[in-house]
Amino acid sequence: MSLVQTITDDMKTAMRARDKDTLSVIRMIKAALMNEKVKVNHELSDEEAQTVIAREYKQRKESIEEFKKGNRDDLVKGTEAELKIVGKYMPQQLSKEEIEKIVADTIASVGASSTSDFGKVMGAVMPKVKGKADGKLVNQAVKSQLS
């Protein structure tokens, strides 16, 4: 079953259960998916849908950080609940050790030796970990291994 179909089924389940919070978040995800579908002018593949969901996940994560800076605990709690629901549709994330291993292998394969090769390494690593790792973690791993 495709990711988009899974989300649609979960939306129907949330409607039947009268789960307003889950339904609200799933509707936001569906809207983002529909916007992307209109933008690319074809049905979304699972990979494209995963990219949209990753964007939604990242947005909520950044919002939580900003709300914490502003001492808005009320908004933090609501956004964390949303993040948990969106997280159900994210692929299993790579551990820090797995990211470091992929970065080390990539550095060896592209022949990088200094921080001036940072862009070349990041360009080679990101397609390998797309959707499975946070870009900040990858960035930190590359910087630490090149320095």
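Computed from heavy atoms alone, side chains included, the values below leave out hydrogens, waters and symmetry copies.
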Are Asp10 and Lys12 within salt-bridge range, i.e. N to O under 4.0 Å? no

Student check: side-chain heavy atoms of Thr13 and Asp19 closer than 4.5 Å: no

Taken to the nearest 0.5 Å, the spacing of Ile7 CD1 from Leu33 CG works out to 5.0 Å

I'd like to know if the side chain of Glu66 reaches the main chain of Ser63, judged simply by a donor and an acceptor atom lying under 3.5 Å from each other, with no hydrogens or angles considered. no

Can Glu65 and Lys68 be counted as an ion pair, charged N to O under 4.0 angstrom? no

Joint cluster assignment, Met15 & Met34, ILVMFWY side-chain distance < 4.5 Å: no

Say whether, by atom type as modelled, one donor and one acceptor occur between the side chain of Gln50 and the main chain of Tyr89 under 3.5 angstrom. yes

Any idea which heavy atoms bring Glu100 and Ala141 closest together, and the distance? CG-CB, 4.1 Å

Taking Leu3's backbone N and O only, do any of them form a donor-acceptor pair with Asp46's side chain (distance below 3.5 Å, no angle check)? yes

Kindly check if the number of other-residue, nucleotide or ligand heavy atoms within 6.0 Å of NZ (Lys30) is above 12? yes

For the pair His42 and Lys37, evaluate side-chain contact (heavy atoms from CB on, under 4.5 Å) and give the outcome as yes or no after the intermediate values. CA-CA 6 Å; His42 62 79; Lys37 178 181 169 186; over 6 Å; no

How long is the straight-line distance from CD1 of Ile64 back to CD of Glu82, given to the nearest 0.5 Å? 8.5 Å

Within a 6.0 Å radius of atom NZ on Lys84, are there more than 12 heavy atoms belonging to other residues, nucleotides or ligands? no

First locate atom CD of Glu97, then atom CD1 of Ile102, and finally report the distance between them rounded to the nearest 0.5 Å. 12.0 Å

For the NZ atom of Lys88 and the CD1 atom of Ile53, what is their distance to the nearest 0.5 Å? 11.5 Å

In sequence, state the C-alpha distance, the side-chain angles, and the governing distance for Val142 and Thr106, and then conclude on side-chain contact (heavy atoms from CB on, under 4.5 Å). CA-CA 10 Å; Val142 171; Thr106 305; over 6 Å; no

What verdict does the side-chain contact (heavy atoms from CB on, under 4.5 Å) test give for Phe118 and Asn139, after you've listed the backbone C-alpha separation in whole Å, the side-chain angles of each residue and the deciding distance to 0.1 Å? CA-CA 9 Å; Phe118 178 81; Asn139 187 321; 3.5 Å; yes

To the nearest 0.5 Å, what is the distance between CD (Glu62) and CG (Leu83)? 11.5 Å

For Leu75 and Thr79, work out which heavy atoms get closest and say how close. O-OG1, 2.8 Å

Under a 4.0 Å N-O cut-off, is there an ion pair linking Asp73 with Lys77? no

Using 4.0 Å as the upper bound for N to carboxylate O, is an ion pair formed by Arg60 and Glu56? yes

Side chain Glu48, main chain Ser45, donor-acceptor under 3.5 Å: yes

With a 6.0 Å cut-off (strictly less than), is the heavy-atom count around NZ of Lys128, excluding the residue itself, greater than 12? yes

Lys101 and Lys96: CA distance, side-chain angles, deciding distance, side-chain contact (heavy atoms from CB on, under 4.5 Å) verdict: CA-CA 9 Å; Lys101 182 179 179 348; Lys96 191 170 184 171; over 6 Å; no

Looking only at heavy atoms, the pair that brings Ala32 and Val52 closest together is CB-CG1, 3.7 Å

Nearest 0.5 Å, what's the CD1-CG distance between Ile26 and Asp21? 11.0 Å

Which atom of Val138 lies closest to which atom of Val125, heavy atoms considered: CG1-CG1, 3.5 Å

